[in-house]
Amino acid sequence: MEQNQHLLTTDSKLEDLKGVGPKSIEHLNTLNIHSIEDLILYLPYKFEDETVVNLHDAEDKAKITVQGEIYSAPVLAHFGRGKSKVSFHMMVDNVAVKVEFFNQMYVKRIAETGKTVKVTGKWNKARQIIQGSKINEDLAGVSLVPQYSLKGLIKRASFRKMIESAFHEVTIQPFLPVQLIEKYKLWDLNQSIYELHFPTSHQHLQQARRSFAFCELLLFQLKMRMLNQLEQKDAPNSKVHYDIKRVKAFISTLPFDLTDAQKQVVNEIFRDMKHENRMNRLLQGDVGSGKTVVAAICMFALMTAGRQSALMVPTEILAEQHAESLVQLYGEQLNIALLTSSIKGKKRALILESLERGDIDVIVGTHALISEPVKFHDLGLVITDEQHRFGVNQRKLLREKGNDANVLFMTATPIPRTLAISVFGELDVSTIKQMPKGRKPIITEWAKHEEIELVHEKTAREIKAGRQVYVICPLIEASEHLDVKNAVEIYESYQVRFGADRVGLLHGKMKAEEKDEVMNKFQNHDFDVIISTTVVEVGVNVPNATMIVIYDAERFGLSTLHQLRGRVGRSSYQSYCILIGNPESETGIERLQIMTQTTDGFVLSEKDLEMRGPGDFFGVKQSGLPDFKIANIVEDYRMLEVARDEASELILSGALNAPELSNLKLRVEVELKVHQLD
Ligand SMILES: Nc1ncnc2c1ncn2[C@@H]1O[C@H](COP(=O)(O)OP(=O)(O)OP(=O)(O)O)[C@@H](O)[C@H]1O
């Protein structure tokens, strides 16, 4: 959505540029370059550093650039079909090195004896050879070389010429407030963009990057803020007139006292619901911290106001679990329905009808909830559990089903606040930092495959003590079939060991009713062990389960491992997590080590972010993360916060409406239109 940030204005067209003919225009269009503005903003994706290094400091096999004098005439040799090699010797930092260029015959012309040149290539320390990729006679030339993604359509040199001539045509309208330029010592946009294409030094490039990134982030934050204002303006129906007495009475029937953290979060949400503006809140709390109960209280409050709530979860099994535990919590006080894609025919029609009539207070389901025929009578609250599994669009759709429904996102994967804001727009965050009383930290151990007997003994010990155990099967990439095969094998071996009728099996290929039955049996302690593919990943709540064994644990991401581990430690019993794996990669080893060192979801999610980047963290497809040209949400994290504060100041102080900022306002408005059309 943020791909085409329009930052410049110009009346010239691509056709007006020198040396740009119809063929070039065609190629430029293929690269999604349709205007001079697009061309100028087609920035390099990276810079090759060709700064001359001292050969004595160079590491073996590294790509380096050195400078020296050629002392042997180049020799051209032909071999194979059309293959060639030019080799010569040069003196670099008092070391005699051999330089070889493959299939670059032009080198022979340049490499004259006695000439001083710069050579870039791969250094083979043992053989004292540089395998050259580039030779340069221009010793004073720039050492940072921009790399563009041109898909082989246009030569780099021609592309740079086009950009150079575009700079002669373009008129950049400054739009950043002068005080911000001064405060953050930013460069003029024109200068920054030019430097990004034609870098003059590391330091200047860094300054250009910073200035451009700030511009992008400020525009983004202004846009988010204004969007939020627009959304809030038309939300007269979001206020919930709940009956606090009935809500308090309900809370007093819960089988436990709320923790202080839960109470605080409930207060925050209720304050939002009383307000005219629509609630847009993220509720984060580590696995097992008691978010579901908070959701239940909120949905109860909606019922007392005569309005409906929807709880949307990622899997059918979770939807069933949630529906069941809500029935237990609410008893007869409230009408709950479950809607998943496996509920069909008459039963489905009946649910849809009651929902539209308003006979159902709370509906729990998967994304089936946002399928077209689902109509609500008066939807006032939408709660999505594990929000990062849902695309931004899906959430938008569901919210639109209720005129001005309040929205609560729940997540057990703590998201750094700035990232949350970038993904969900302006939103408030509530955090449950405290675990319910009496919980003991889960003990996590890492075992190698050959130590499996030890793991079995520990499993037997837990079973003997009356507890239950989850066993998570290895994940086999891209093959559900093999996943199942694996699960079945492990299942059979556990049956032999722990009794045929005491072990259950759960996998993705099973029908919803079958899964449901197995899960129910585990919940009722008819099984001691449940063997499962990752379907138990989120939300399953069996407090008597105190051990989780995860096979090939290194194949799972940290967030997933943490989620899986969160299935245990949900009572006052001591719980254990055993990770089985013989990882070969550094990352695999690091992952398992971190897991044994901390149970803090925040530490883990930040580590995960560091190791995998935000795309993977949120699931690439659903990430919804804005795609900036230069700014990087993880690396420019602090700048994002600064831009956020400045954007909010510009709006709240009314400065954005001042005539001298009309360019900036216009820019944001243009982008908002683009955004709304998405
Ligand atoms: N204040 C409390 N005191 C004691 N137990 C509690 C409290 N709040 C919740 N619980 C219990 O703790 C367990 C976990 O709660 P819940 O399922 O609400 O957590 P959650 O944050 O939704 O977890 P997950 O992220 O894993 O879905 C449940 O068995 C619940 O009944």
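All ligand and atom numbering here is 1-based and tracks the order in the structure. Any value given below was found using the heavy atoms of this structure, including those in side chains, with hydrogens, waters and symmetry copies removed. Throughout, numbering of the chain's residues begins at 1 and tracks the sequence.
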Measure the acute angle between the ring planes of Phe300 and Phe250, then classify it against the limits of 30° and 60° as parallel, tilted or perpendicular. parallel
Distance flag, aromatic centroids of Tyr494 and His456, threshold under 6.0 Å: yes
Pick whichever of Asn541, Leu329, Val294 has a heavy atom sitting closest to atom 28 (C) of ligand 1. Asn541
Establish, from distance only, whether the side-chain atoms of Gln468 and Asn544 form a donor-acceptor pair under 3.5 Å. yes
Check the pair Thr599, Arg565 against side-chain hydrogen bond (donor to acceptor under 3.5 Å, both in side chains), reporting the backbone distance first and the verdict last. CA-CA 9 Å; Thr599 51; Arg565 177 167 61 184; 5.5 Å; no
Counting both backbone and side chain atoms, is some N or O of Gly288 under 3.5 Å from an N or O of ligand 1? yes
Could you tell me which atoms of ligand 1, counted from 1 in the order shown, lie closer than 4.0 angstrom to a heavy atom of Pro543? 29 (O)
Ranking Lys437, Arg570, Gln434 by closest non-hydrogen atom to atom 14 (C) of ligand 1, top hit is Arg570
Which of the numbered atoms in ligand 1 are under 4.0 angstrom from any heavy atom belonging to Val293? 9 (C), 18 (O)
If the test is side chain to side chain contact (heavy atoms under 4.5 Å, CB included), which one of Asp361, Asn406, Val240 qualifies with Leu302? Val240
Mark the output for Gly566 as yes if a heavy-atom distance to ligand 1 is under 4.0 Å, and as no if none is. no
Against ligand 1, does Lys263 come closer than 4.0 Å with any heavy atom? no
Show me which atoms of ligand 1 lie under 4.0 Å from any heavy atom of Leu258. 1 (N)
Which donor-acceptor pairs under 3.5 Å do side chains of residues 430-437 form with protein atoms, sequence neighbours excluded?
from: Ser430; atom 1: OG; to: Glu268; atom 2: OE1; distance (Å): 2.5
from: Ser430; atom 1: OG; to: Arg281; atom 2: NH1; distance (Å): 2.7
from: Gln434; atom 1: OE1; to: Asp260; atom 2: N; distance (Å): 3.4
from: Gln434; atom 1: OE1; to: Ala261; atom 2: N; distance (Å): 3.0

Please identify which atoms of ligand 1 are closer than 4.0 Å to at least one heavy atom of Thr259. 1 (N)
Please check whether Lys291 reaches ligand 1 - meaning an N/O of the residue sits under 3.5 Å from an N/O of the ligand, judged on distance alone. yes
For atom 3 (N) of ligand 1, state which one of Ser325, Ala296, Pro436 supplies the nearest heavy atom. Pro436
Indicate, as side chain, backbone, both or neither, the part of Ser289 found under 4.0 angstrom from ligand 1 when only non-hydrogen atoms are considered. both
Of all the heavy-atom pairs spanning Ala553 and Leu592, show the shortest one and how long it is. CB-CD2, 3.7 Å
Could you establish whether Gly285 and ligand 1 come within less than 4.0 Å of each other, counting only heavy atoms on the residue side? no
Does Arg567 have a non-hydrogen atom less than 4.0 Å from ligand 1? yes
When you measure from the side chain of Lys440 to the backbone N and O of Ser572, does any donor-acceptor pair fall under 3.5 Å? yes
Under 4.0 Å between heavy atoms, the region of Arg439 that gets near ligand 1 turns out to be side chain
Using distance alone, determine whether Gly290 and ligand 1 share an N or O pair under 3.5 Å. yes
Name the atoms and distances for all side-chain donor-acceptor pairs under 3.5 Å in residues 328-339, with sequence neighbours left out.
from: Tyr330; atom 1: OH; to: Ala296; atom 2: O; distance (Å): 2.6
from: Gln333; atom 1: NE2; to: Tyr330; atom 2: O; distance (Å): 3.4
from: Asn335; atom 1: ND2; to: Asp359; atom 2: O; distance (Å): 3.0

Run the contact test for Asp257 against ligand 1 with a 4.0 Å cut-off on heavy atoms, strictly below, and give the result. yes
For ligand 1, does Gln563 get within less than 4.0 Å through its side chain, its backbone, both, or neither, judged by non-hydrogen atoms? neither
If the threshold is 4.0 Å, N to carboxylate O, is there a salt bridge linking Arg591 and Glu554? no
Ignoring hydrogens and geometry, is there a side-chain-to-backbone donor-acceptor pair from Arg570 to Ala545 under 3.5 Å? no
